[in-house]
Asker: 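Structure in structure tokens, see below.
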Amino acid sequence: MKAMKYLVGGALMLSMSVAANAQVLDYNTMIEPIVKELKANPTDKNAAKDLLKAYNKAFKKNPEALTALGNAYLTVKNFDMANYYADLAIARDKHYGNAYILKGDVQAMQDDGGGAAMWYRQSIELDPKNPQAYMSYSNVYRKIDPEESERMLVELKKNMPDFPLEAEAAHSFYNTGNYDKALEYFLKSDMSKLDEAYLTEYSVTATLLGNREKALEVAKMGVSKFPKNVSFIRLALINTIGLEQFEQALIYAEKLTAAEGNENSGDLCYYGQALAGNKRYEEAIKKYEEALAVDASNIMPYKYIADAYNDMGEEDKALEYSAKYLDKNPNAKLSDYRDIADIYVNKMKKAKEAGNAADVDANFNKLVAVYDQVIAKYPQVKAWGAYQKANAAFTAELDDKSVPYFTEVISLLENKADRNDSDNFYLGSAYSRLGYYYWTKDDLETAGSYFDKCVKVTPDDNIAKAWFQKKAEAEAEQAGGEN
């Protein structure tokens, strides 16, 4: 069995620590300078020659010490010497599991997953109370056979019920970037027993996956248990912002600044978001400007300043900073363009309230130009752009302006063979809104044709449901009159 690449660094360090923790002080003291010399001269066969001679003499019958020395060679990728000392350790004690783990690590680091698994399995059979053997075996199978990986973790729990399997499995999944699995196991772990590093990983994982409530809960525990670790304060700040708990966010922002100062552009942006959430927009803008001064390469403050001005009702300033953000952002997202279009929606609403039809039309045309810019850049989102134009007009009660764009959405998607969920949403909404439009015009036959199509694509559409209910009531009333 050939695997791709196995990230055994974490497993290797754990197996080394397991061995090291069992050793006497002399063993630890003697191996340190050897490790330093091997790292300094990884290709020199005579590196640490005298130190090795003394070490081998002192620990030639000690399988733990021999395995630790093999691990030292493994860190500099001297696989032959790592294997040599693993074999010596096994010769001294064939039941010493860490020696087999070392041989498995050698194979894994040479991209031989099958060989690695064989040695880890042998370690389990000869040393069934060694948790690292199970973890290493599980790591090998994590990507190529997830079910086998999970089965081994279950076997570990069965043989060692007191071992903190959930925390270790979560940590392992975290290190390989499998955050869904990491969170699954973190949620099963006893949070109160997690150390500082694992708590951090837990909160980070939950944050990345959008589970803000859990991320904040873990971060708060971290703040309480490890008050000097600013990572927990930052995670609490990020997630209170995400949960729109802005009063709490401001408390964490102030704590973070007190601990770290004002030299981190990202932290200043978080502080600004906390202020903006409390409607302290001018103070927020000052924080964003400080963030720009600290790091001119961070373009996010331009977007946040635009958002603040938009929330203040100063759409022109919002557009000015939105333009700066887009100009500096070659990787702008569709949502970034939609945010700019939403500023024009606000201007349209104000113009309409003021009875200024010319400004309503002018701002709608500018909104259309924004989406035309997106479509020119990304032709594959033409249906999305047409829907956004139509929806903006419909939301602003410019029904006549929405009709041609909803019609365009239908022409683009109605006969598309491979529609996805988003396509169905846009198509169903277009049918629904056009049905509503003709309903308000008392063209019931045309309205009905659109609603009939709508429920075939989006059966839970509320406007369509209201139409069919009214239709049923009218038919029942007519039938009653005829009787």
Side-chain angles (χ1 to χ4, degrees), residues 1-23 27-56 59-60 62-92 96-124 127 130 132-144 149 168 171-178:
M1 177 180 62
K2 185 78 169 174
M4 294 175 63
K5 287 288 181 183
Y6 296 105
L7 303 177
V8 299
L12 173 61
M13 292 307 295
L14 180 55
S15 63
M16 288 179 69
S17 66
V18 169
N21 288 338
Q23 305 308 306
Y27 157 75
N28 290 319
T29 302
M30 289 184 71
I31 202 170
E32 279 187 24
I34 295 174
V35 172
K36 288 181 181 179
E37 285 209 32
L38 290 177
K39 287 183 177 180
N41 305 283
T43 61
D44 185 354
K45 293 182 179 180
N46 294 315
K49 182 178 179 180
D50 294 335
L51 293 171
L52 285 165
K53 184 177 180 180
Y55 186 93
N56 284 319
F59 298 106
K60 62 183 178 182
N62 187 325
E64 296 175 357
L66 294 170
T67 300
L69 187 53
N71 273 312
Y73 276 107
L74 186 59
T75 62
V76 296
K77 297 184 179 180
N78 189 331
F79 302 126
D80 289 338
M81 292 304 293
N83 256 325
Y84 172 76
Y85 279 102
D87 289 336
L88 281 182
I90 292 170
R92 298 292 180 265
Y96 184 60
N98 282 339
Y100 296 94
I101 292 173
L102 171 57
K103 291 184 74 67
D105 290 346
V106 170
Q107 298 297 103
M109 288 187 70
Q110 294 180 92
D111 198 24
D112 183 356
M118 182 271 291
W119 287 113
Y120 297 145
R121 182 77 233 187
Q122 196 162 348
S123 177
I124 292 169
D127 189 7
N130 186 334
Q132 185 54 42
Y134 298 87
M135 297 297 296
S136 296
Y137 184 95
S138 178
N139 284 338
V140 166
Y141 279 98
R142 187 140 291 150
K143 290 185 178 180
I144 56 176
S149 176
E168 293 299 333
H171 169 68
S172 181
F173 280 118
Y174 177 89
N175 279 340
T176 58
N178 190 338

Asker: Taking all non-hydrogen atoms of both residues into account, name the closest pair between Ala99 and Ala89 and its distance.
Answerer: CB-CB, 3.8 Å

Asker: Could you pull out the closest heavy-atom pair between Tyr55 and Ala65, with the gap in Å?
Answerer: OH-O, 2.9 Å

Asker: If a pair satisfies salt bridge (Lys or Arg N to Asp or Glu O under 4.0 Å) and one of its residues is in residues 42-52, list it, with sequence neighbours excluded.
Answerer: none

Asker: So Ile101 and Asn130, side chain to side chain contact (heavy atoms under 4.5 Å, CB included) or not? Walk me through it.
Answerer: CA-CA 10 Å; Ile101 292 173; Asn130 186 334; 3.8 Å; yes

Asker: Please check if the side chain of Ser172 supplies one atom and the backbone of Glu168 the other of a donor-acceptor pair under 3.5 Å.
Answerer: no

Asker: Tell me the closest heavy-atom pair linking Asn41 and Ala47, and the distance in Å.
Answerer: O-CB, 3.8 Å

Asker: Looking at every non-hydrogen atom in both residues, tell me the closest pair between Pro42 and Val76 and how far apart they are.
Answerer: CB-CB, 4.0 Å

Asker: State which residues pass side chain to side chain contact (heavy atoms under 4.5 Å, CB included) with Lys36; sequence neighbours excluded, sorted by chain then number.
Answerer: none

Asker: Any side-chain heavy atom of Leu66 sitting closer than 4.5 Å to one from Leu69?
Answerer: no

Asker: Do you know which two heavy atoms are closest between Asp127 and Gly97, and how far apart they sit?
Answerer: OD2-N, 3.2 Å

Asker: Nearest 0.5 angstrom please: Tyr73 OH to Phe79 CZ, how far?
Answerer: 14.5 Å

Asker: Do the side-chain N and O atoms of Asn139 and Tyr137 include a donor-acceptor pair separated by under 3.5 angstrom?
Answerer: no

Asker: Does any non-hydrogen side-chain atom of Tyr134 lie less than 4.5 Å from one of Ile124?
Answerer: yes

Asker: Heavy atoms only: give me the nearest Ala86-Leu102 pair and the separation to one decimal.
Answerer: CB-CD2, 3.6 Å

Asker: For Met118, which residues count as a side chain to side chain contact (heavy atoms under 4.5 Å, CB included) partner, sequence neighbours excluded?
Answerer: Gln122

Asker: Are the side chains of Met30 and Phe59 in contact, using a 4.5 Å heavy-atom criterion?
Answerer: yes

Asker: Can you find a heavy atom in the side chain of Asn56 that is under 4.5 Å from one in the side chain of Tyr85?
Answerer: yes

Asker: Measure the spacing between OG1 of Thr67 and NZ of Lys103 and express it to the nearest 0.5 Å.
Answerer: 10.5 Å

Asker: Test your reading of the model: is there a side-chain donor-acceptor pair from Asp112 to the backbone of Ala108, 3.5 Å cut-off?
Answerer: no

Asker: Taking the side chain as every heavy atom from C-beta outward, state whether Tyr96 and Ile90 have any pair of such atoms under 4.5 Å apart.
Answerer: no

Asker: Rounded to the nearest 0.5 Å, how far does CD of Gln132 lie from OG of Ser138?
Answerer: 10.5 Å

Asker: Check step by step if side chain to side chain contact (heavy atoms under 4.5 Å, CB included) holds for Arg92 and Asn62.
Answerer: CA-CA 7 Å; Arg92 298 292 180 265; Asn62 187 325; over 6 Å; no

Asker: When you compare the side chain of Leu38 with that of Thr75, does any pair of heavy atoms fall below 4.5 Å?
Answerer: no

Asker: Do Leu74 and Met109 make a side-chain contact, defined as non-hydrogen atoms from C-beta onward lying under 4.5 Å apart?
Answerer: yes

Asker: How long is the gap from CH2 on Trp119 to CD on Gln107, to the nearest 0.5 Å?
Answerer: 8.0 Å

Asker: Going by heavy atoms in the side chains, are Tyr120 and Asp105 under 4.5 Å from each other?
Answerer: yes

